[in-house]
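The structure under discussion appears below in the form of structure tokens.
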Amino acid sequence: MKQTFLYNLHNMKKAILLILLFLNLIGYSQTDSSFIKRIQTDTSNMKLNMDAVYNRPFLQMGKLPVSIGGYIEANSSYFGTDGVTEGLSFQIPRMTIFISSTIKKRIKFLSEIELEEGGKEIAIEFASMDIELHPLFNLRGGVVMNPIGGFNQNHDGPKWEFISRPISSTTIIPSTWSNVGFGIFGKYGRNNLVWAYEFYATNGFDDKIIANDQNRTWLPESKKNKERFEESFNGEPLYTAKTALRHRKIGEIGFSWMGGIYNKFMDDGIELDKKRRIDLFAIDFNTTIPVIKTTINGEWVWASLDIPTTYTQQFGDKLQGGFVDIVQPIIRRKILGWENATINIAARLEYADYNVGTFRENGENISDHIYAVVPGLSFRPSPQTVIRLNYRYHWQTDLLGNPAARTAGIQFGFSTYF
Amino acid sequence: MNKKIMVSITGVFIICIMISCEKLLPPAPKDDEILDGPVEGLSSEEKIQFIAGDIAFNEEVFTAQNGLGPYFVATSCGSCHAGDGKGHPFSTLTRFGQSDSTGNSFMAYGGPQLQNRAIPGYTPEQIPAGATFSKFTPPANTGLGFLEALSDAQILANVDPFDSNGDGISGVANYVNAPAYFQSKPHHIIVAGKYIGRFGKKAAAIDLWHQTVNAYVQDMGVTSEYAPTEPGINGVMSPYGDNAPDPEVQSSTVQNLIFYLRTLKAPIQRNQDDSNVQSGKQIFSNIGCAKCHTPEWTTQQWPISALAYKTFYPYTDLLLHDMGASLDDGYTEGKALTSEWKTPPLWGLGLSKNSQGGTYFLLHDGRAQSIEQAISFHGGEAQTSNNNYQALSAGEKENLIKFLESL
């Protein structure tokens, strides 16, 4: 099993090297602008968070039915907690390559492969085929991003003014959270309004979410289970549904739900436990204030789990958290020779509570939460590239509500589509 | 703005940010405001082992996959001792089954410790019918190495079983059986094959090795070379294991963790120069508290040189005292009577709230939520001191509390 996995990994690495070589060729041949075309993103203001995977700047070579693209992020950081610092470090958190193709009229394929931390982890984040039947009813299958919240599907680094991903979107919603499955999606637009939905049945979580080295309910733990791309942990599908509404002049709001069974309730035909559910509900929103062009983007998520009462309250059965990003362009003009370059100031407020509730022993509140404030400055020589400087300060309180550990630091880096 | 100016401003801005990095980071709390950190004077090798032990204590989390349970109280050492401080009702454990000095008659029924939690699919232990029990709030870990370095002779020097000095206080040592892995040291005095206990609420653990191995297996259900069997439950020893191969923790990890406990610094007193604190210290002595809560000790020769020949201020005599009926739960360990409790060290008392979620949970089971309340529970040999405290003026009481909070 392990050998098969390593063999697949080896082949995967080879494939990625070929893709990188291909990308280099593209870069080299970009001098011939008639051969390589950049497919620009749709800026009609009618695209939704759930369209993000398709609304990316792709490169297309001639009349080939394949488009390719990707993005890279690199940054440096200097953080310290309560006077103790690990010093300056440099990271390449991720490089992502995506390929799309039109197989046949109304049959599309898109894949996204991510190399995290310099290749330490290679993951297929998205690899699905879409069959378009009707604007309101289409089929999608393969590795899909579960449409929970807004960030999970709209997570490309160059789109954000902040180097770190939102805490609640990566630790309560375990973005990027994708699984093998099938589903339907559709969209309806009229005048200034567009409405869309998605619904998928996929493989899902496992019981490591309440048995992990974080010592708290930790949904990202299931991402370590690579076997979820081969088989379901417990034979029960994880359902994800999202509906979103956008008004061109007001903004977008999305409501999403993801739920299923996370534990192994039966093994080899023998019942081990009752079925234990996990459910997440999220609201995401974004808008741009006219005239001053301030963008506000946020997400809030609630999670609820059925955990045996005889286990430990170290692992929370209710979680919640969210973030709000406010981005204000302050200069938009030609800067250092770049046309329409932008300088933005930005601020993120975020919160994640991993254990909402009270102790059975004395009825006092359980803490285990984190607050963060992240002011930032960004420079965009083009919409596809962002150079970012963030200062981050967060307060993390343990389960018992003892004085918070204070962490702060500076991050500087860039993210760009290529 | 031309290109040069723009580049210059950006450059200056980035340099300013880099220079100010340290200034923008949260400052370290003062050394006397936190309990963790190593004793001064460790060698480089000892510091490496201290860090390894720190990781084992504060970062290693047990799950069913790496040895938790199946029956347990907590998932990690740090769960019970946040910041190396005292515990909280959430992590308070229960011991049961022994009601006199003849031993625990419920050992075959899962005694002495109740594992009140279980991994999914398992049913936690229940206290067997007829067993008496007591709840124990986890103590702070700091300065334990100094207490371990004291010789038995030093402890026995304060023993007064027949109250020969007539002060109403008759401290005694608890004598307990040593586990198979125990290694006797020259400073130990053996009486009828038993050793003096000095750790735990009833002084039932001889040294930190003994205490740590018990905590691994009794608190977390984690087996080691020293305690290779999972705790029993409901009358059956080790009826179900977990999927982790035994031993579930390596001996090197156990030894690193013991070293960490041995070399955690002693709590540092705050506001020592405050006149109210100094007055409170005098009152503490005047009303008889210091007779059991012995302020000062000095270690002798010891393998860890940072702990040898050091004077320290734990405010304990490490002896058992009868604390009266109100603190008698009907449960005991070793040779202690059910009303006898080891004098708990008072150092770090003022920082207890920082590890107990902002509220005091004092005495052996956390029943007292203030220092005043804890004093008022003192009975038996401590009744006179309690009476003396109650007779103090409001100002004197306030100064005494200020002194205790400075520890």
Side-chain angles (χ1 to χ4, degrees), chain A residues 76 78-85 87-88 207-208 210-216 263-265 272-273 276 307-315 331 335-337 359-367 377 379 387 389 391 393-395 397-403 405-410 412, chain B residues 1-4 6-7 10 13-14 17-18 20-22 24-30 33-34 59-66 68-69 71-76 78-79 82-83 85 87-92 116-124 135 353-359 361 366 369:
Chain A
S76 59
Y78 189 94
F79 272 96
T81 299
D82 289 335
V84 178
T85 175
L88 183 67
D207 53 14
K208 305 291 187 301
I210 59 160
N212 55 69
D213 60 9
Q214 297 291 323
N215 218 7
R216 60 165 63 97
N263 68 322
K264 182 148 286 213
F265 54 91
L272 302 174
D273 194 3
R276 299 193 182 274
I307 297 178
T309 54
T310 50
Y311 196 42
T312 167
Q313 281 190 288
Q314 192 82 44
F315 296 90
I331 298 172
I335 300 172
L336 300 173
F359 285 111
R360 292 187 196 108
E361 287 79 7
N362 64 355
E364 286 185 4
N365 272 334
I366 302 174
S367 295
L377 187 66
F379 171 57
I387 298 165
L389 176 69
Y391 173 67
Y393 202 109
H394 72 237
W395 297 261
T397 305
D398 68 6
L399 192 78
L400 306 177
N402 291 315
R406 294 162 303 162
T407 299
I410 291 177
F412 178 75
Chain B
M1 205 180 292
N2 68 31
K3 200 183 281 188
K4 263 188 178 173
M6 197 73 188
V7 170
T10 309
F13 182 70
I14 290 170
I17 291 286
M18 289 176 78
S20 60
C21 270
E22 291 286 352
L24 292 169
L25 302 186
K30 286 185 198 164
E33 289 173 354
I34 52 171
E59 293 179 27
E60 184 161 21
V61 175
F62 289 96
T63 65
Q65 285 68 46
N66 65 354
L68 179 70
Y71 311 104
F72 65 95
V73 177
T75 51
S76 71
S79 298
H88 179 273
F90 168 67
S91 53
T92 291
N116 61 333
R117 298 180 174 113
I119 59 175
Y122 291 73
T123 305
K135 288 180 180 288
K353 284 197 282 192
N354 291 351
S355 64
Q356 297 187 305
T359 310
F361 295 102
Q369 296 201 10

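Please read these numbers as outputs of a predicted model, since none were measured by experiment. Both backbone and side-chain heavy atoms feed into the values below; hydrogens, waters and symmetry mates do not.
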Mind listing the closest non-hydrogen atom pair of [X] and [Y] along with its distance?
X      : Y      : answer
B/V61  : A/N212 : CG1-O, 3.4 Å
A/G80  : B/P26  : O-CD, 3.7 Å
B/K353 : A/N402 : O-OD1, 3.6 Å
B/A82  : A/L400 : CB-CD1, 4.3 Å
B/S76  : A/N215 : OG-ND2, 3.5 Å

Interface residue of largest heavy-atom contact number with chain B, from A/Q214, A/K208, A/R276, under 4.5 Å: A/K208
Closest-packed option against chain B by number of heavy-atom pairs under 4.5 Å, given A/D213, A/T312, A/T309: A/T312
Contacting region of [X] [heavy-atom separation from chain A under 4.5 Å]:
X      : value
B/Q356 : backbone
B/F72  : side chain
B/T92  : neither

Once rounded to the nearest 0.5 Å, what's the spacing between atom [atom1] of [X] and atom [atom2] of [Y]?
X      : Y      : atom1 : atom2 : result
B/L25  : A/I410 : CG    : CD1   : 7.5 Å
B/Y122 : A/Y311 : OH    : OH    : 12.5 Å
A/T310 : B/I119 : OG1   : CD1   : 10.0 Å

Specify which of [options] makes the most heavy-atom pairs with chain A at under 4.5 Å.
options                      : result
B/N116, B/I34, B/L68, B/N354 : B/N354
B/P120, B/G358, B/P29        : B/P120
B/S91, B/P89, B/G121, B/G83  : B/P89

Contact origin within A/I210 toward chain B - heavy atom pairs under 4.5 Å: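 The side chain, not the backbone.
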Interface moiety of A/T407 toward chain B, non-hydrogen atoms closer than 4.5 Å: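 Looking at A/T407, just its backbone touches chain B.
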Exam field: side chain A/D82 to backbone B/P27, donor-acceptor pair closer than 3.5 Å: no
Geometric class of the A/F359/B/F90 ring pair [parallel <30°, tilted 30-60°, perpendicular >60°]: tilted
